Amino acid sequence: MKRQYTIMRLRTLAMAALVCGPLVAANFSAAATAAARYSDAGPEPLLARVFEHIEQNHLDVALQEVEALVKAYPNFHLGNLIKGDLLLARSRPIQAFGNIANAPLDKLADLREEAIARLKAYHDKPPANYVPRYLLQMRADQNYAIVVDTQKSRLYLYQNEKGTPRFVADYYISHGKLGTDKVREGDKKTPIGVYHVTGSLSRQKLGDFYGSGAFPISYPNEWDRRNGRNGHGIWLHGTPSNTFSRAPKASDGCVVLANQDLDAISKNLQIGLTPVIISNSIEWLSLDDWQAERGSLKKQIEQWRTDWESLDVERYLNHYSKKFIGDGQDLAQWSARKRQVGSGKTWIKLSADNISMFRNPGKEDMVVVTFDQDYRSNNLSNVMKKRQYWQKEEGHWKIVYEGAG
Amino acid sequence: MTACRFPLSATIAALAAVALVSLAPLAQADTLQDISKLLKQGQQAQALEKTDKYLAGKPKDAQGRFLRGLILTEMNRTPEAIAVFTKLTEDFPELPEPYNNLAVIYAQQKQYDKAKQALEMAIRTHPSYATAHENLGDIYARMASQAYDKALQIDSSNASAQTKLAMIRDLMTASSRPTPGKPVAATAATTAALAPAPAETKPAEAKAEPKAEVKLTPSAVKPNGPPVAVSAQPVAQTPAPVAESKPAPASASGDIAKTLDAWAAAWSKKNVKVYLSHYAKDFQTPGGESRATWESERAKRLTKPGSIQVSIGSLSVTSEGADRATARFRQNYRSASLKTSSSKVLVLVRQDGKWLIQQERVGK
């Protein structure tokens with residue numbers, strides 16, 4: 001059973017409407033109370049307090065709080081805008097968010113979006129006993145995983161605690177100007193899928209635009225390429241020095257963090273290893289549901305391994321989808337080759353270690369499986385890193401792609 | 001007791017001339033008036049020379065020092081002007097004018113935090129001081145503009161540079177200033193320190209135009225709506241005036257309640273004539289504007305199309321003597337475009353057996 005963890009109800013608050021229009025109300029679910037243990041990174045707690053005081057018409061206290069906020073984050077544009085409104089409210093009645101004459105409307109809209117995104121994330125934390133559905137299995141040496149929710153403008157950092165993902169922190173992020181589901185070069189969209197960090201570029205090698213550094217990720221992956229998606233240079237990176245953060249939709253496709261947040265996560269990133277899963281809207285599973293889901297898939301993979309060892313080529317081929325493509329071969333070509341090779345085998349010993357399983361965000365039931373494959377047989381041995389894409393077809397997990405990882 | 005004024009506008013000059021003849025030691029007033037004239041004519045060097053000479057004989061004189069501060073400001077000798085006004089705030093902390101002018105200078109230097117502090121002090125000493133309130137409003141607007149610049153990475157300084165804060169040209173003595181409920185002892189002490197004057201000046205003073213400062217520029221922002229909406233937020237630091245008051249006798253508060261009901265009813269009925277008849281002759285207009293300007297403004301507001309409903313709630317009346325009282329209440333105002341409920345303070349005086357409004361303000 002999957003579940004969207006809560007749906008925020010937006011409420012228009014009489015006083016806050018003057019400043020911010022529709023504002024997020026604190027609509028805590030029972031689970032969110034348990035989420036109190038989550039760490040708060042960044043300006044959200046102060047920002048939320050500012051809005052609470054505005055809501056209660058304590059404008060003096062709100063001004064004090066917002067002054068503390070911009071003191072802590074001097075280049076936080078949103079904080080400065082609210083400060084401007086609260087100051088102006090002392091000299092004349094104000095009507096809307098950002099009461100400056102001739103204000104650039106696009107910038108105001110961006111700041112408003114940022115305010116809503118930050119407050120939503122603050123008030124609507126994922127329940128403590130739920131995990132993102134994507135993190136089905138991390139291998140033992142994958143210390144951390146990153147999951148991005150573009151709709152919420154949020155990045156979640158999870159630690160691998162003996163195989164169970166444990167929430168560490170979450171951060172505000174920006175993504176592509178034109179949204180998600182990247183298809184081609186220059187479309188200013190952020191890709192959706194299962195990726196990993198492939199490198200690290202230091203601040204010294206980059207312009208100020210990228211802030212405190214950058215971490216390229218593995219877009220396009222095997223599935224992207226198979227679907228004809230192209231482009232390159234999707235990074236996690238920092239923010240220029242003249243601003244604390246950027247609008248929710250601001251990048252050319254990259255995932256952008258505040259510099260202090262990038263610094264915080266960067267020490268946990270392992271090049272070539274740390275998964276970065278980008279989703280439009282994260283699905284959350286209770287730990288029980290998560291266990292059930294990963295258990296059933298693990299069983300299938302184990303079945304595939306023993307069926308390969310069994311020398312019964314047809315049973316082994318039964319795990320492959322009609323849509324299968326691997327090593328440039330479709331299912332017919334693949335089957336023909338396996339049958340031919342299989343006829344010369346007297347024994348096969350196969351081990352699959354360090355298995356990781358990450359569910360691909362989206363409507364399709366698809367999981368990216370990666371492992372160290374040690375293949376031994378009477379006439380051939382091979383050690384490789386293998387990647388498979390498993391997809392559920394009519395209730396059964398089938399392999400739709402297989403290749404070197 | 002308003003011994004020394006520096007009348008810079010015709011009306012005030014006329015009023016002050018009367019006052020000066022009867023109130024002040026003539027020589028002193030003449031000297032200061034001459035200096036004022038010189039300054040007005042742009043002859044700052046002579047004005048300064050004369051002031052220095054005057055102050056040599058009376059080094060502690062507040063009027064002379066205040067004038068010196070003005071002259072130095074006009075001569076762009078800003079650090080000296082700051083020093084003069086700062087010293088005045090130290091020696092006469094009860095005077096709002098030096099604080100106000102300090103704030104104006106700080107604002108010119110874009111030191112808005114300092115300007116804000118100085119204005120808050122000016123208002124603390126005299127909660128109803130209109131110029132300081134307006135200037136503080138301007139300071140908030142400028143600080144807001146600075147914050148917006150930072151938020152949106154734009155430069156709006158051109159727009160805001162056009163508003164100029166009002167420097168106060170005239171140091172009033174405390175007794176001529178609207179000071180509701182200000183303890184008499186303090187007033188007396190202040191006045192004594194500034195300009196000792198014969199006791200029989202009291203009646204004259206009562207007739208004096210309450211507004212004496214000359215505004216160089218009109219306030220930048222003229223709010224819309226009824227007086228209650230004038231300030232989106234009353235300045236929080238304003239302390240409630242300390243009133244030596246006791247609960248009003250039942251009859252007085254009963255009369256006042258009736259008066260206020262009639263006032264609110266006239267407002268609701270948009271009967272301008274009756275509405276205005278509730279205001280005393282010496283009503284202190286909220287922005288310090290002339291009575292005529294204020295009346296026409298009110299008439300315009302009241303006769304705007306659409307219904308108005310004004311009602312009064314939680315009235316509390318404190319009397320200061322038999323003929324003076326302060327009424328505090330919730331004013332519920334509803335028109336087609338605005339609905340507010342705010343705390344209102346009216347100072348009423350009884351004249352010819354009728355309670356009339358002498359001051360009207362928002363706040364506690």
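All values below were derived from every heavy atom in this structure, side-chain atoms included, with hydrogens, water molecules and symmetry-related copies excluded. A quick note: this is a predicted structure, and the numbers were derived from the prediction, not measured. So that the names make sense, note that chain A is the first sequence line, chain B the second, and so on, each numbered from 1.
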May I ask you to decide if the ring planes of B:Y279 and B:W263 are parallel, tilted or perpendicular, using 30° and 60° as cut-offs?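 Perpendicular.
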
Heavy-atom contact with chain B under 4.5 Å, split by part of [X]:
X      : value
A:L111 : side chain
A:N242 : both
A:L78  : neither

Under a 4.0 Å threshold between the charged nitrogen and the carboxylate oxygen, would A:R90 count as salt-bridged to A:D60?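 Yes.
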
Is B:T285 reaching over with its side chain to a backbone N or O of B:R291, donor-acceptor style, under 3.5 angstrom?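 Not confirmed, B:T285 side chain does not pair with B:R291 backbone.
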
Can you list the steps and then say if A:I282 with A:Y156 is a side chain to side chain contact (heavy atoms under 4.5 Å, CB included)? CA-CA 10 Å; A:I282 296 177; A:Y156 301 84; 3.5 Å; yes

